[in-house]
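All heavy atoms count here, side chains included; hydrogens, waters and symmetry mates do not.
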Amino acid sequence: MPQEEPLDQVVRARVRRSEKAQMQESADRAGLTLSEFMRRRSLGKPIISRTDEQMIRDLRRIGGLLKKVNNDSGGAYTSTVVEALGAVGNFIEQLSRETDDDRQED
């Protein structure tokens with residue numbers, strides 16, 4: 001993996017007190033510093049809260065475990081596993097959509 005370029009430049013921008021408070025609140029919700037939040041926002045990079053990222057990782061892990069249960073049981077629980085995997089997938093999709101909606105509101 002190539003080494004990242006260092007963050008060695010500063011950009012200053014004038015904003016209203018209320019705007020800064022709003023930006024800080026959005027950054028806090030995402031679990032990011034204000035600098036990282038503004039960098040991602042201005043460069044069009046995704047802003048996903050750390051809580052949502054962790055939830056998505058956990059849901060994917062649960063999906064993997066469900067598949068393992070199905071494989072280890074020889075398919076004895078296929079219909080139940082398929083239903084559960086669908087629910088997990090829907091929840092991941094919902095979290096991703098809400099994150100995209102939050103991005104458009106900020």
*Do the side chains of V88 and L65 join up, straight or via other hydrophobic residues, at under 4.5 Å, putting them in one cluster?*
no
_Looking at M23, I want to see if its CE is surrounded by more than 12 non-hydrogen atoms of other residues, nucleotides or ligands under 6.0 Å._
yes
*For atom CD of E83, decide whether the heavy atoms of other residues, nucleotides or ligands shown that lie under 6.0 angstrom number more than 12.*
no
*Euclidean distance, L43 CG relative to M38 CE, rounded to 0.5 Å*: 10.5 Å
*In Å and rounded to the nearest 0.5 Å, what is the CG to CD distance from D58 to E53?*
12.0 Å
*asked:* Give me the atom names and distance for the closest heavy-atom approach of A84 to L66.
replied: CB-CD1, 3.7 Å
*If you round to the nearest 0.5 Å, how far is CZ of R57 from CG of L59?*
11.0 Å
_CZ-OG1 distance between R39 and T33, expressed to the nearest 0.5 angstrom_ = 6.0 Å
_Between Q94 and N90, a side-chain donor and acceptor under 3.5 Å_ = no
*Heavy atoms from other residues, nucleotides or ligands near CZ of R60 exceed 12 (cutoff 6.0 Å)*: no
*Report whether V69 and V82 are members of the same hydrophobic cluster (ILVMFWY, side-chain heavy atoms less than 4.5 Å apart, transitive linking).*
no
*Which pair of non-hydrogen atoms, one from I47 and one from A30, has the smallest distance, and what is that distance?*
CG2-CB, 3.6 Å
*asked:* Working to the nearest 0.5 angstrom, can you tell me the gap between R29 CZ and D52 CG?
replied: 11.0 Å
*Out of curiosity, R40 CZ to S35 OG, how far, rounded to the nearest 0.5 Å?*
12.0 Å
